[in-house]
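Bear in mind that the values here come from a model prediction, so they are computed numbers and not experimental data.
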Amino acid sequence: QDSASPLMEQLIFFHDHALLILVMITVLVGYLMFMLFFNNYVNRFLLHGQLIEMIWTILPAIILLFIALPSLRLLYFLDEINEPSVTLKSIGHQWYWSYEYSDFNNIEFDSYMIPTNELSTDGFRLLDIDNRIVLPMNSQIQILVTAADVIHLWTIPALGVKVNGTPGRLNQTNFFINRPGLFYGQCSEICGANHS
């Protein structure tokens with residue numbers, strides 16, 4: 001799905017930035033290796049090369065800085081907790097999630113995956129659920145994630161959110177939805193067959 005939050009846009013920009021650096025390195029190394037096949041020059045007085053060794057030590061360090069600094073900036077953005085407008089509690093159970101809107105008279109409900117044989121023709125297998133959570137756009141949303149039995153993963157890639165629900169621990173993150181839509185996420189923990 002396309003990005004629906006500023007954090008996911010930044011993650012996509014960083015991916016493109018790192019990919020561009022990797023393509024430039026691959027092209028340069030490929031060109032140098034290709035040219036070595038056709039090089040017939042021999043220098044019998046070449047015993048050492050401090051200059052080239054300094055270049056191939058310092059240049060990769062500078063390239064790594066161009067990757068590390070935007071990456072660190074992004075890590076701090078992802079971990080930043082702003083003042084939330086809505087707090088959603090999410091409790092992972094084996095094969096379903098429980099949700100609580102604690103800001104609105106403690107509304108609670110369970111969300112089960114729709115079995116394949118009950119799925120409508122326009123539904124998504126292993127993704128569609130019976131009770132969807134509804135969240136406002138253009139608002140800071142905080143999510144508190146835990147689990148009741150095994151480790152679960154609450155994730156929505158379009159929002160750049162990926163939080164582990166661990167029994168006995170409360171994890172939190174926040175996100176901002178900047179466009180309306182129906183967003184899907186899948187658990188990537190090894191919890192059992194058909195777990196999504």
| task | Evaluate the side-chain proximity of Asp79 to Leu75: yes if any heavy-atom separation is below 4.5 Å, no if none is. | result | no
| message | Take a 6.0 Å sphere around CG of Asn138 and say whether it holds more than 12 heavy atoms from other residues, nucleotides or ligands. | response | yes
| message | Looking at Thr26 and Leu22, would you say the former's side chain and the latter's main chain have a donor-acceptor pair under 3.5 Å? | response | yes
| request: Answer yes or no: is there a side-chain heavy-atom contact under 4.5 Å between Asp16 and Leu20? | output: no
| message | In the structure I gave you, are the side-chain heavy atoms of Tyr76 and Glu80 within less than 4.5 Å of one another anywhere? | response | no
| Do Ile177 and Tyr101 belong to the same hydrophobic cluster, where Ile, Leu, Val, Met, Phe, Trp and Tyr are linked whenever their side-chain heavy atoms lie under 4.5 Å apart, directly or via other members? | yes
| field | Test item: side-chain donor near acceptor, Asp128 and Tyr184, under 3.5 Å | value | yes
| Is Ile156 linked to Ile129 within one hydrophobic cluster, defined over Ile, Leu, Val, Met, Phe, Trp and Tyr using a side-chain heavy-atom separation of less than 4.5 Å? | no
| CD1 of Ile91 to CG of Asp110: how many Å apart, nearest 0.5 Å? | 9.0 Å
| task | Specify whether Trp154 and Phe175 have parallel, tilted or perpendicular ring planes, treating 30° as the upper limit for parallel and 60° as the lower limit for perpendicular. | result | parallel
| query | Are any of the side-chain heavy atoms of Met8 and Leu159 separated by less than 4.5 Å? | reply | no
| remark: The reported gap from CD1 in Ile141 to OG in Ser85 (rounded to nearest 0.5 angstrom) is 8.0 Å
| Under 3.5 Å donor-acceptor, Gln1 side chain and Gly185 backbone | no
| query | Would a distance-only check, ignoring hydrogens and angles, find a side-chain to backbone donor-acceptor pair under 3.5 Å from Thr146 to Pro167? | reply | no
| Minimum heavy-atom distance between Ala147 and Val150, given as atom pair plus value | CB-O, 3.1 Å
| request: Might you work through the side-chain contact (heavy atoms from CB on, under 4.5 Å) test for Leu78 and Leu11, ending with a clear yes or no? | output: CA-CA 9 Å; Leu78 288 170; Leu11 284 166; 4.2 Å; yes
| task | Starting from the C-alpha separation in whole Å, work towards a yes-or-no answer on side-chain contact (heavy atoms from CB on, under 4.5 Å) for Asn131 and Tyr96. | result | CA-CA 11 Å; Asn131 293 320; Tyr96 72 98; over 6 Å; no
| request: Nearest 0.5 Å please: distance from the CE atom of Met113 over to the CG atom of Asp130. | output: 10.5 Å
| message | Can you tell me if Asn105 has over 12 outside heavy atoms packed within less than 6.0 Å of its CG? | response | no
| said: Could you walk me through whether Glu53 and His48 satisfy the side-chain contact (heavy atoms from CB on, under 4.5 Å) test, starting with their C-alpha distance in whole Å, then the side-chain angles of each, then the deciding distance to 0.1 Å, before giving a yes or no? | reply: CA-CA 9 Å; Glu53 287 188 15; His48 55 80; over 6 Å; no
| request: Measure the shortest side-chain to side-chain distance between Phe13 and Leu74 over non-hydrogen atoms and say whether it is less than 4.5 angstrom. | output: no
| query | For the residue pair Val163 and Asn171, what are the closest heavy atoms and their distance? | reply | CG1-CB, 3.6 Å
| said: Would a single hydrophobic cluster contain both Phe109 and Val134, if residues Ile, Leu, Val, Met, Phe, Trp and Tyr are joined by side-chain heavy-atom contacts under 4.5 Å? | reply: yes
| message | Do Leu7 and Phe176 have side chains that approach each other closer than 4.5 Å (heavy atoms only, starting at C-beta)? | response | no
| request: Say whether Ile25 and Leu28 are linked into one hydrophobic cluster, either directly or through other cluster members, by side-chain heavy-atom distances under 4.5 angstrom. | output: no
| message | Under 4.5 Å between side-chain heavy atoms, counting indirect links through other Ile/Leu/Val/Met/Phe/Trp/Tyr residues: same cluster for Ile21 and Ile55 or not? | response | no
| said: Quick check: do Leu144 and Glu100 have side-chain heavy atoms less than 4.5 Å from each other? | reply: no
| Can you find a pair of side-chain heavy atoms, one from Asn178 and one from Pro6, that are under 4.5 Å apart? | yes
| When you check the side-chain N and O atoms of Ser120 and Asp122, is any donor under 3.5 Å from an acceptor? | yes
| field | Parallel, tilted or perpendicular, as decided by the 30° and 60° cut-offs, for the rings of Phe14 and His17 | value | tilted
| message | Distance check, rounded to the nearest 0.5 Å: Arg125 atom CZ versus Leu119 atom CG? | response | 9.5 Å
| request: Can you measure from OG (Ser5) to CD (Gln10) and round to the nearest 0.5 angstrom? | output: 9.5 Å
| task | Supply the atom-to-atom distance Thr87 OG1 to Lys89 NZ, rounded to the nearest 0.5 angstrom. | result | 9.0 Å
| said: Is it true that, when you exclude Arg179 itself, more than 12 heavy atoms of the residues, nucleotides or ligands shown sit nearer than 6.0 Å to its CZ? | reply: yes
